[in-house]
Amino acid sequence: MPNNRTYAHPYIPNTVPEVRDAMLKEIGLTSMDQLHDAIPDSLKLNREMNLPPAMTEYELRRHIDGLLAKNKHGAAYLNFLGAGCWQHFIPAVCDEINQRSEFVTAYAGEPYEDHGRFQTLFEYQSLMAELVDMDVVNVPTFDWAQAASTAIRMAGRMTGRSVALLPKSVDPDKVMIINNYCTPVMELRFVEIDEATGKMDLKDLRSKLSSEIAAVYFENPGYLGIIEDQGHEISELAHSVNAISIVGVDPISLGVLQPPSQYGADIVCGDLQPLGMHMNYGGGQAGFIATRDEEQYVMEYPSRLFGIVPTEVEGEYGFGDVAYERTSFALREKGKESVGTQTALWGITAGVYLSLLGPTGMQEVGETIMQKSQYAAKKISAIPGISLRFAETAFFKEFVVDFNDTGLTVAEINARLSEAGIFGGKDLSTSFPTWGQCSLYCVTEIHSQADLDRLADTIQTIVRKP
């Protein structure tokens with residue numbers, strides 16, 4: 001911003017010249033440029049930006065609406081994309097409650113000034129703890145990747161070790177985030193997966209276990225949709241070297257699948273997005289972490305935990321922070337991890353979803369998803385030239401389709417599906433190049449039998465075309 005500006009910008013605060021000058025004087029500076037002294041001159045533009053003429057508010061709105069109209073979304077297309085952001089049915093009450101002004105606008109504060117929000121988060125934590133069969137659940141993190149990262153760092157602090165083992169089947173994008181969060185405190189090493197089953201190679205896991213391993217992390221169901229039925233063995237191997245077993249889980253699967261605590265998990269993490277959250281470009285995701293109610297675990301959470309305590313009035317209860325002194329909010333720069341803005345609103349949403357469905361509803365939606373995904377996989381793999389990558393391995397809602405024998409690339413197939421109003425599966429040819437032309441398909445409770453038949457028929461028409 002030029003120093004000779006003589007008017008206040010309508011949208012940028014503190015640009016009134018007198019206010020700007022007073023602020024500069026207060027911090028001992030004489031110009032705005034001095035605020036940027038730490039930035040090398042080679043990185044500065046050093047000229048006026050070549051911007052188009054300013055639009056009126058109406059013109060700007062029309063321009064932005066036009067850009068947004070180019071987006072293709074799941075409501076307009078038949079969608080089979082998943083891979084970390086899944087299209088599930090969202091009960092109307094989830095949006096009704098999470099858009100209440102007291103929840104949308106609430107940010108921070110103590111129990112005496114935000115009691116209702118703290119109670120809703122406590123209720124969410126209680127419901128989530130019951131679902132994952134653990135005792136303690138945190139206020140949500142940004143997403144599954146951050147939850148996994150924090151879980152790994154918690155394990156590192158608890159064990160005093162600095163290496164975590166992960167299977168090579170973990171989502172490459174998630175791995176980049178975990179590596180970013182953990183470097184340089186923790187080192188990630190990878191365990192091979194069985195090429196026939198997609199499950200973790202236990203022989204390779206055994207060979208990589210040592211006294212420097214802080215944690216073994218695996219997912220169930222995993223990124224490729226596979227149900228990892230070796231959970232007991234993996235956890236036992238981790239415990240054999242006094243490492244911590246961390247399991248990442250899609251919570252909507254827990255109405256039908258055994259919770260990780262029952263096959264040895266010490267820390268459970270995952271994404272809340274399936275529990276009442278719409279798919280959003282750049283949002284709509286939130287991660288959770290769950291552990292046993294043991295001090296060594298509780299004191300390593302960097303994020304907030306809410307508990308219930310009796311008040312001075314008999315029969316009355318209040319809600320507030322548990323061990324607030326362990327958080328980065330209290331410790332600031334001396335915190336174990338920095339935790340800033342969190343996705344508490346999505347925790348409230350997940351609590352609404354879980355309370356609405358209850359145990360029976362969660363079982364019903366899980367069974368429905370498995371039935372529909374099995375039907376779709378069977379229909380697609382019956383098409384000549386198409387098969388399932390891991391045909392003998394159980395899966396939940398996602399499965400890998402092998403198109404190598406069709407002579408077409410996944411990109412070509414997806415382009416033709418798009419022309420027919422269908423979003424095909426995620427192209428895995430870049431992430432897993434040795435598999436050739438494979439794609440990850442996702443089927444949930446929103447898909448009807450007619451939808452699945454339409455998908456299979458369209459794919460069959462595409463691969464038959466010369």
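Model, not experiment: these values are computed from the prediction. Counting begins at 1 with the first residue of the sequence.
Sequence neighbours left out, the pairs with a member in residues 161-172 that pass side chain to side chain donor-acceptor pair (under 3.5 Å) are Lys168-Glu192. Residue pairs meeting the salt bridge (charged side-chain N to carboxylate O under 4.0 Å, His left out) criterion with at least one member in residues 259-274, sequence neighbours excluded, are Asp266-Arg292. Listed by first and then second residue, the salt bridge (charged side-chain N to carboxylate O under 4.0 Å, His left out) pairs involving residues 202-212 are Arg189-Glu212, Asp204-Lys208 (not counting sequence neighbours).
Between the side chain of Thr444 and the backbone N or O of Gln87 there is at least one donor-acceptor pair closer than 3.5 Å. Side chain of Ser418 to main chain of Asn414: no donor-acceptor pair is present (N/O by atom type, distance under 3.5 Å, no hydrogens or angles). When atom types are taken as modelled, the side chain of Asn404 and the backbone of Gln437 share a donor-acceptor pair closer than 3.5 angstrom. Within the 3.5 Å criterion, the main-chain N or O of Phe396 finds a donor-acceptor partner in the side chain of Ser373. Not one N or O on the side chain of Thr197 forms a donor-acceptor pair closer than 3.5 Å with the backbone of Thr393.
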**OP:** Begin with the C-alpha distance, continue with both residues' side-chain angles, and end with the deciding distance and a verdict on side-chain contact (heavy atoms from CB on, under 4.5 Å) for Val216 and Ser245.
**Re:** CA-CA 5 Å; Val216 177; Ser245 174; 5.8 Å; no
Subject >> Criterion side-chain contact (heavy atoms from CB on, under 4.5 Å) on Ile462 and Thr406, from CA distance to verdict >> reply: CA-CA 10 Å; Ile462 291 169; Thr406 66; over 6 Å; no
Original post:
Stepwise, does the side-chain hydrogen bond (donor to acceptor under 3.5 Å, both in side chains) test hold for Tyr297 with Asp135?
Top reply: CA-CA 11 Å; Tyr297 287 96; Asp135 305 310; over 6 Å; no
Subject >> Stepwise side-chain contact (heavy atoms from CB on, under 4.5 Å) check, Ser211 with Val241 >> reply: CA-CA 6 Å; Ser211 59; Val241 293; over 6 Å; no
**OP:** Decide yes or no on side-chain contact (heavy atoms from CB on, under 4.5 Å) for Thr291 and Ile267, but give the supporting numbers first.
**Re:** CA-CA 5 Å; Thr291 66; Ile267 304 177; 4.0 Å; yes
Quick one: side chains of residues 344-360, donor-acceptor pairs under 3.5 Å with protein atoms, not counting sequence neighbours, listed by atom name and distance.
{"residue": "Thr349", "atom": "OG1", "partner": "Asn98", "partner atom": "ND2", "Å": "3.0"}
{"residue": "Thr349", "atom": "OG1", "partner": "Leu345", "partner atom": "O", "Å": "3.0"}
{"residue": "Ser355", "atom": "OG", "partner": "Gly351", "partner atom": "O", "Å": "3.1"}
{"residue": "Ser355", "atom": "OG", "partner": "Val352", "partner atom": "O", "Å": "2.8"}

Listed pairs under 3.5 Å, donor-acceptor, residues 421-430 side chains, sequence neighbours left out:
{"residue": "Lys426", "atom": "NZ", "partner": "Tyr223", "partner atom": "OH", "Å": "3.2"}
{"residue": "Asp427", "atom": "OD1", "partner": "Ser429", "partner atom": "N", "Å": "2.9"}
{"residue": "Asp427", "atom": "OD1", "partner": "Ser429", "partner atom": "OG", "Å": "2.7"}
{"residue": "Asp427", "atom": "OD2", "partner": "Ser429", "partner atom": "OG", "Å": "3.4"}

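When the side-chain contact (heavy atoms from CB on, under 4.5 Å) test is applied to Ala382, no partner is found at least two apart in sequence or on another chain. Among residues two or more places apart in sequence or in another chain, the salt bridge (Lys or Arg N to Asp or Glu O under 4.0 Å) test is passed with Asp405 by none. Remark: Lys70 engages no residue in a salt bridge (Lys or Arg N to Asp or Glu O under 4.0 Å) (not counting sequence neighbours). For the ring-ring contact (aromatic ring centres under 6.0 Å, His included) test, residues two or more places apart in sequence or in another chain that qualify with Phe80 are His447. Residues satisfying the ring-ring contact (aromatic ring centres under 6.0 Å, His included) criterion with Phe288, sequence neighbours excluded, are absent altogether. The salt bridge (Lys or Arg N to Asp or Glu O under 4.0 Å) check on Lys174 picks up Glu219, with sequence neighbours excluded. Judged as a ring-ring contact (aromatic ring centres under 6.0 Å, His included), and not counting sequence neighbours, the contacts of Phe390 are Trp435.
Smallest separation of non-hydrogen atoms from Ser261 and Met134: CB-CE, 4.0 Å. Closest heavy-atom contact between Glu337 and Ser328: O-CB, 2.9 Å. Closest approach of His278 and Asp95 over heavy atoms only: NE2-OD2, 2.7 Å. Listed here is the closest heavy atom pair of Pro259 and Leu254: CA-CD2, 4.0 Å. In plain terms, the two heavy atoms of Val400 and Cys438 that are nearest each other are CG1-CB, 3.8 Å. When all heavy atoms are compared, the tightest approach of Ile246 to Ala155 is CD1-CB, 4.2 Å.
The structure places OH of Tyr124 at 11.5 Å from OG1 of Thr120, a figure rounded to the nearest 0.5 Å. The CD atom of Glu228 lies 6.5 Å from the CE atom of Met200; values are rounded to the nearest 0.5 Å. From Asn180, atom CG reaches atom CE of Met176 across 10.0 Å, with rounding to the nearest 0.5 Å. The distance from the CD atom of Gln374 to the NZ atom of Lys378 is 10.0 Å, given to the nearest 0.5 Å. Note that CD of Gln296 is 4.0 Å distant from CE of Met158, once rounded to the nearest 0.5 Å. A distance of 8.0 Å separates CD in Glu445 from NZ in Lys397, rounded to the nearest 0.5 Å.
With a 6.0 Å radius and a threshold of 12 heavy atoms from other residues, nucleotides or ligands, Gln258 has its CD atom above the threshold.
Taking 4.5 Å as the limit, some side-chain heavy atom of Val247 sits within range of a side-chain heavy atom of Phe218. Side-chain contact check for Ile289 versus Tyr301: some heavy-atom pair is nearer than 4.5 Å. Looking only at side-chain heavy atoms (C-beta outward), Leu452 and Lys379 stay at 4.5 Å or farther from each other. With a 4.5 Å cut-off on side-chain heavy atoms, Asn79 and Met279 count as touching. Within the 4.5 Å cutoff, the side chain of Leu188 has no heavy atoms near those of the Tyr217 side chain. Within the 4.5 Å cutoff, side-chain heavy atoms of Leu202 are placed close to those of Ile234. Two residues are said to be in side-chain contact when any heavy atoms from C-beta on lie closer than 4.5 Å; Tyr441 and Glu398 fail this criterion. For the pair Arg157 and Pro302, the minimum side-chain heavy-atom distance is below 4.5 Å.
Glu367 and Gln363 form a side-chain donor-acceptor contact under 3.5 Å, judged by distance and modelled atom types alone.
Look at Asp65 and Arg62 and you find no salt bridge, because none of the NZ, NE, NH1 or NH2 atoms lies under 4.0 Å from a carboxylate O.
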